[in-house]
Amino acid sequence: MRSRKLGAAVVTLVALGGAGCSDAGDLSDLGPRTAPGTVTVGSSDGAAPRIEALLYANALRAAGTPVQTKLGLGPGDAAVAAVERGELTIAPALTGELWERYRPGAAQPTKAKESEAENPREQWDAQFVALSAVLPEGLGLGDPTLALDQPMLFVSKAAPAASLRGCEGLSGIVAIPSGAPSDPKARYGCPTGPVLVVPDEAAAARAVTEGRASIAQLGTLSPSARDLTQVADPDGVVPSRAVVPLVRRDGLTVAQTKRLSAVAGELTTADLAQMVAKVESGERTVEQVTDDWAAEHPLH
């Protein structure tokens with residue numbers, strides 16, 4: 001995983017230096033800081049945002065940066081709004097949600113060139129560059145991680161391989177939790193069997209394991225997805241919601257930005273899902289799971 005850090009960091013520095021700029025003079029006021037200061041990292045409510053914020057905060061602290069944390073500021077976009085107001089320096093966000101916030105109704109780029117369709121890293125880099133160009137003045141992005149937080153389709157581990165390319169293995173009944181996106185064809189571009197609406201994600205997963213449905217729509221961080229296999233999306237049909245740090249561009253030095261890139265080089269969906277499951281079950285606290293992760297993933 002560490003092999004992608006250098007190139008990704010270069011992209012981030014471009015994004016931090018250029019996002020939202022209307023003229024060259026903006027860079028002198030809104031570019032990277034030249035001296036370190038206290039960085040404020042915050043999150044919205046929920047286990048995943050709190051974990052993500054602490055991962056970023058701990059990475060900065062380990063490099064000697066004074067960090068203040070403000071976790072659980074409110075539901076939904078509370079932390080993003082706090083960055084916009086200048087109350088936070090950094091908050092974890094999701095690429096797809098930021099796109100919808102700043103370009104509502106516009107189609108999000110879903111992949112890079114056809115020749116790059118097999119490489120999810122290049123697909124997400126293309127989305128990252130497009131998103132960086134539409135951020136409000138003064139905001140920037142750190143590198144997007146490989147951790148996704150979004151609804152996807154899952155099948156039994158015993159089932160044949162399923163993929164959105166060619167809609168392979170997607171003809172059966174789809175169990176969808178109440179309140180989740182309920183039109184599989186519109187979201188995934190594939191005709192499926194009938195939709196079975198169930199109370200929650202655990203019920204959707206049980207419907208597959210018990211044979212009442214062939215497919216379940218679950219969040220990628222859901223503990224209910226652990227015993228199922230995610231349907232492949234090699235062409236990036238579904239716009240990704242990758243975890244990414246939203247930052248005040250005048251609040252970080254270049255060295256601090258590189259520390260955020262180090263987290264991006266290590267954090268995966270599986271890592272984040274495992275941490276969320278432990279916190280939500282009460283097995284570990286947010287502080288404990290992030291300390292455990294840091295011990296297993298030394299950042300350089």
Side-chain angles (χ1 to χ4, degrees), residues 44-49 51-52 75-77 92-101 104-105 107-111 120 123-124 127 131 144-157 159 162-165 167-209 212-244 267-277 280:
S44 298
D45 295 342
I51 290 168
E52 295 151 10
D77 63 356
L94 298 174
T95 52
E97 288 188 352
L98 291 176
W99 181 267
E100 293 163 6
R101 183 179 185 85
Q108 183 184 352
T110 55
K111 66 178 182 177
Q123 294 175 34
W124 298 343
Q127 296 171 16
L131 176 58
T145 71
L146 294 175
L148 298 179
D149 183 356
Q150 63 192 53
M152 288 295 289
L153 298 179
F154 291 79
V155 297
S156 169
K157 289 186 176 180
S163 176
L164 297 183
R165 176 180 289 175
C167 302
E168 299 175 13
L170 300 178
S171 59
I173 294 173
V174 184
I176 295 181
S178 177
S182 58
D183 187 346
K185 184 175 182 181
R187 177 172 174 79
Y188 304 103
C190 290
T192 65
V195 169
L196 172 65
V197 178
V198 296
D200 53 32
E201 289 188 327
R206 284 197 304 272
V208 172
T209 58
R212 292 181 287 112
S214 299
I215 310 162
Q217 179 175 271
L218 306 170
T220 51
L221 301 183
S222 172
S224 300
R226 286 181 294 181
D227 297 326
L228 302 177
T229 298
Q230 185 173 317
V231 172
D233 183 15
D235 301 315
V237 172
V238 180
S240 69
R241 301 202 318 175
V243 176
V244 64
L267 184 64
T268 67
T269 303
D271 291 342
L272 187 53
Q274 185 178 59
M275 288 187 278
V276 168
E280 291 185 342

State, yes or no, whether a side-chain contact exists between E97 and D77 at a heavy-atom distance under 4.5 Å.
no
To the nearest 0.5 angstrom, please state how far the OG atom of S240 sits from the CE atom of M152.
10.0 Å
L196 and A207 have their tightest heavy-atom pair at CD2-CB, 4.3 Å
How many angstroms lie between CD in E201 and OG in S178, if you round to the nearest 0.5 Å?
12.0 Å
So, for A48 and L221, which heavy atoms are closest and what is the spacing to 0.1 Å?
CB-CD1, 3.9 Å
S224 side chain to A205 main-chain N or O, any donor-acceptor pair under 3.5 Å?
no
F154 vs V208 side-chain heavy atoms within contact, under 4.5 Å:
no
For the residue pair V244 and L98, establish whether any side-chain heavy-atom pair is separated by less than 4.5 Å.
yes
Between the side chain of T268 and the main-chain N/O of L146, is any donor-acceptor distance below 3.5 Å?
no
From D183 CG over to Q217 CD, what is the distance, rounded to the nearest 0.5 angstrom?
10.0 Å
What heavy-atom pair brings V155 and A162 nearest, and what distance separates the two atoms?
CG1-CB, 4.2 Å
In short, A47 meets V276 closest at the heavy-atom pair CB-CG1, 4.3 Å
Of all heavy-atom pairs between C167 and G189, which one has the smallest distance, and what is that distance?
SG-O, 3.8 Å
For side-chain contact (heavy atoms from CB on, under 4.5 Å), just list the numbers for L153 and V174, CA-CA rounded to whole Å, side-chain angles, deciding distance to a tenth of an Å, and then say yes or no.
CA-CA 9 Å; L153 298 179; V174 184; 4.3 Å; yes
When rounded to the nearest 0.5 Å, the distance separating CD1 of I176 from CZ of R187 is 10.0 Å
Can you measure from SG (C190) to CD (E168) and round to the nearest 0.5 angstrom?
9.5 Å
So for atom CD, which belongs to E280, do other residues, nucleotides or ligands contribute more than 12 heavy atoms lying within a distance under 6.0 Å?
yes
Taking D149's backbone N and O only, do any of them form a donor-acceptor pair with T269's side chain (distance below 3.5 Å, no angle check)?
no
Can you see which heavy atom on V198 is nearest to which on A204, and at what distance?
CG2-N, 3.5 Å
About how many Å separate CG of L170 and NZ of K185, when rounded to the nearest 0.5 Å?
13.0 Å
